[in-house]
Amino acid sequence: MLYPIENKVREVKNLCGIWNFKVDVENVGIQEKWFEKPLTDTVPMAVPASYNDLFTDEKIKEHVGYVWYETDFIIPDSWEEKRIVLRFGSATHHAYVYVDGKQVVYHKGGFLPFEADITELMEKSNLENHRLTVALSNVLDWTCIPCGEVISKEGDGYPEGFHFQETYFDFYNYSGIHRPVKLYTTSKKYIEDIVIKTEVEGLQSNYSGEEMLTVEDYKALDCKELPTAESAVVKIKIQSTDTLKALMVLDEEGAVVAMETRFKVSGQDYYAEIKLDNPTLWNPGAAYLYQLRVEGEQDVYSETFGIRTIETNEKQFLINGRPFYFKGFGRHEDSDIHGKGMDEALNIRDFNLLKWIGANSFRTSHYPYSEEHMMLADREGFVVIDEVPAVGMCFWDGQSVFGGNRVNDETLKHHLDALREMYERDKNHPSVVMWSVANEAATHEEGAVPYFEKVIETMRELDDSRPITMVHTTGADGDKVSQWLDVICVNRYYAWYTDHSHIEVIGLQLEKEMRRWNEKYQKPVILSEYGADTIAGYHKLPAVAFTEEFQCDYLDEFHKVFDQLDFMIGEHVWAYCDFQTKQGLNRVDGNKKGVFTRNRQPKMAAFRLKERWK
Ligand code: BDP
C-alpha cells in the first residue's frame with residue numbers, strides 16, 4: 001500500500017485537527033444508525049491521539065466498546081476528474097467509516113493503515129460539505145491480535161453490569177484515531193502498488209569472514225570503511241491501471257542516475273530491472289536513499305528505497321556482507337497525554353535520543369509503528385525488526401492458549417491479514433531488516449505448531465528477501481516452532497521475575513540458556529528484552545531493586561555474558577522509555593523498565609549504555 005504523497009498529479013488533504021467526539025455509553029449507536037445524522041452532544045477531540053488520557057472522567061478512559069468521531073470535509077471543484085481516496089494511518093481497533101451516512105470501509109486491527117475509494121460517492125453527491133463519521137471499538141477478544149477478553153462478573157459483591165476489558169499484554173489498551181487521516185487524489189487510471197527488491201554484485205564489506213566476533217571485533221568492524229558494491233540490480237514490480245511510460249532512479253541530489261522505458265507486462269502488472277553502477281549502499285548509521293519515479297500516461301509516483309543486502313547464518317546477521325550487532329531497545333509508541341497518538345515532535349526526540357545513546361536498531365514491539373516513524377528510521381539509518389501485533393498469546397499459570405477455545409481459526413485469519421498488511425505497508429523500507437511474527441506466544445503447546453507453521457510460511461511467501469523471527473518467552477527445550485525461523489529472539493528477566501534481585505544468578509542461567517538455543521537450532525540469538533523496573537531519582541548504596549544503581553548493575557550482568565558468546569548478535573534492552581500499562585499489583589503507574597523516563601529524560605543506565613554502545 002502506497003503512502004499518500006503530493007506531486008503534479010496527486011494532492012493530499014490532511015483531515016487532522018479537532019473533530020467531534022462522543023462515547024457510545026450503551027454501545028447502541030450502530031443499531032440506532034447514529035451515522036445517518038450529525039452526532040449530537042459531542043465534545044471536541046484531537047486527531048490523531050488516544051482519547052483515553054484527554055479526559056478527567058474514568059468512565060471515558062476505561063469505556064469498553066464504541067466511541068464516535070465526526071468531522072466534515074470539502075472536495076474542491078478541481079478534483080472533479082480525480083480518483084479520491086480516504087485513508088486512515090490507523091484506528092484502534094475496529095473502525096466502521098461512513099461518509100454522508102454511507103459505510104465506505106470497515107477495518108479490523110489497530111496498527112495498520114486502511115483506505116476507501118470514495119470517488120463514485122463524491123461524483124453522485126451534490127453536497128458541498130461532506131460528513132465523515134467513524135464508529136470505533138476498542139474491544140479485544142480471542143479473534144483479535146492483540147488478544148484480549150471482556151470479563152463480566154455478576155452475583156454477590158459485584159455491582160450490576162460489572163465488566164472490564166482484560167488484556168494479556170503489558171501496555172495500556174490506548175484507543176482512538178492514532179495516526180493521520182487524509183484524503184488523497186490520483187488520476188482516474190493510477191499506480192496502485194510498487195514493490196522494489198535489490199540485488200548487488202561486487203560487494204566489498206571489509207570483512208574477511210574468518211574473524212571470531214567478540215564485542216571488540218564488532219566495534220572494530222564499525223570503524224572500518226563502509227561496505228560498497230560494484231553494481232546493483234533494482235527489480236521492480238508495479239501494479240497499475242494506468243499505462244506506464246517510464247521509470248527513473250534518482251539519487252539523493254535528485255539527479256536521474258538510471259532510466260527504463262521497457263517493461264514486461266502481464267495484465268496490470270509491470271516488471272522491470274534497472275542496473276546501477278557503483279551504487280551508494282544503505283548502511284546502518286549511514287543511510288542512503290534513492291527515489292524510484294514511476295511515470296504513467298496519467299499518474300506519477302515516487303517511492304523511496306535503499307540498496308542493501310541481508311543474510312543470516314548460524315552465528316551471524318550480515319548487512320551488506322558485514323556482521324551486524326543489534327544495539328538498542330524494545331520500545332512502545334507511548335507518551336503522556338497523547339497515549340499512542342502519532343506525534344512528529346516525539347518521533348524526532350526519540351531518534352535523537354537513540355543516536356545519542358549509540359543505539360543502531362530497535363524492534364517495533366508490539367505492533368507496527370507509524371509510517372512516519374518508519375520513514376525516519378530509513379533516513380536516520382536505523383535497523384528495524386518490524387513486529388506484527390500478535391501479543392498476549394501466552395499464560396504464565398499453565399492455562400492453554402492454543403489448545404482450547406481461545407486462539408481459533410478467526411485469530412489465525414486475522415493474524416495472517418495483519419502480516420499481509422504489514423508487509424504491504426513496509427516492504428520497501430530499507431530500515432526493515434527482519435519481520436517478527438509474534439511476541440511471547442505459548443510455543444511450547446502442541447496447538448502452536450500448526451498455527452505458527454502457517455504464520456511463518458505465509459510471511460515467507462509474502463517476502464523471501466528478509467529473515468523472519470519470533471520473540472520467545474518459552475525456553476529452548478520447550479519451544480516447538482523455531483525450526484522455521486532464521487534468528488532466535490528471546491526475552492529474559494533473570495533476577496527480576498525469577499530469583500528477584502539476585503543478580504548473581506544472571507551469568508550462569510543466561511549463558512546456559514543461550515548456549516542451549518544455539519545448540520538446538522544452530523541459529524544466531526538476540527536477547528530481545530532484558531531489564532528491571534527503575535524509579536527515576538531513586539538511589540541507594542548498596543543497590544536495591546528499583547534503584548537506578550540496580551538497573552545499571554543488572555544490565556552489566558547480562559552484558560558480561562553476551563560478550564563471551566559469538567552467536568549472540570544483539571542486545572535490545574527493555575525498555576527504551578517508561579510506558580503506561582493497565583493497573584496491576586506490580587505496576588506503579590506503568591512499566592518503569594525504561595532507560596529513559598516517559599518524558600524522554602535519561603536514567604543512570606542511559607549513560608552506562610552510551611558508554612558501552614559508543
Ligand atoms: C515481556 C513483554 C513486555 C513486557 C515485559 C515486562 O514482552 O511487553 O512489558 O515483559 O514485563 O514479557 O516488563
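First listed ligand is number 1; within each ligand, the first listed atom is number 1.
Ring centers of Phe317 and Phe326: under 6.0 Å apart, within the cut-off. With ring centers used as reference points, Trp574 lies 6.0 Å or more from Phe558. For Tyr174 and His338, the ring centers sit 6.0 Å or farther from each other.
Residue Thr581 does not touch ligand 1, judged by heavy-atom distances below 4.0 Å. Only the side chain of Asn491 comes within 4.0 Å of ligand 1, counting heavy atoms alone; its backbone N, CA, C and O stay farther away. Residue contacts with ligand 1 for Tyr497 involve side-chain atoms from C-beta outward but no N, CA, C or O (heavy atoms, distance under 4.0 Å). At a heavy-atom cutoff of 4.0 Å, ligand 1 is contacted by the side chain of Phe579 but not by its backbone. Contacts between Arg587 and ligand 1 below 4.0 angstrom, taking non-hydrogen atoms only, involve the side chain exclusively. Under 4.0 angstrom from ligand 1, the non-hydrogen atoms of Trp574 all belong to its side chain.
Using a 4.0 Å cutoff on heavy atoms, Tyr493 counts as a contact of ligand 1. Within the structure, ligand 1 has Asn591 among the residues with a heavy atom less than 4.0 angstrom away.
Within the listing of ligand 1, atoms 7 (O) sit less than 4.0 angstrom from a heavy atom of Asn439. Residue-ligand proximity, His366 to ligand 1, at heavy-atom distances under 4.0 Å covers atoms 3 (C), 7 (O), 8 (O). Against a heavy-atom cut-off of under 4.0 Å, Glu440 is close to the following atoms of ligand 1: 1 (C), 2 (C), 7 (O), 12 (O).
Distances between N or O atoms of His332 and those of ligand 1 include no value under 3.5 Å. Between Trp396 and ligand 1, no N or O atom pair is found at a separation short of 3.5 Å.
Cation-pi geometry between Arg492 and Tyr530 is not satisfied (NZ or CZ under 6.0 Å from the ring centre, within 45° of the ring normal). A cation-pi contact links Lys61 to Tyr172, judged by a cut-off of 6.0 Å to the six-membered ring centre and 45° from its axis. Stacking of Lys540 on the aromatic ring of Phe546 is not recorded, the 6.0 Å distance cut-off and the 45° axial limit not both being met.
The nearest heavy-atom contact from the protein to atom 4 (C) of ligand 1 is Asp170 OD2, 3.3 Å.
Ring pair His373/Phe351 is tilted by interplanar angle, where 30° to 60° counts as tilted. Classified by interplanar angle (parallel below 30°, tilted 30° to 60°, perpendicular above 60°), the ring pair His332/His366 is perpendicular.
Distance alone, capped at 3.5 Å, is enough to place a donor-acceptor pair between the Asn408 side chain and the Arg406 backbone.
Counting only heavy atoms from C-beta outward, the side chains of Val401 and Tyr168 never approach each other to under 4.5 Å.
Distances from atom 2 (C) of ligand 1 to the heavy atoms of Lys593, His472, Arg363, Glu529 show the closest one on Glu529.
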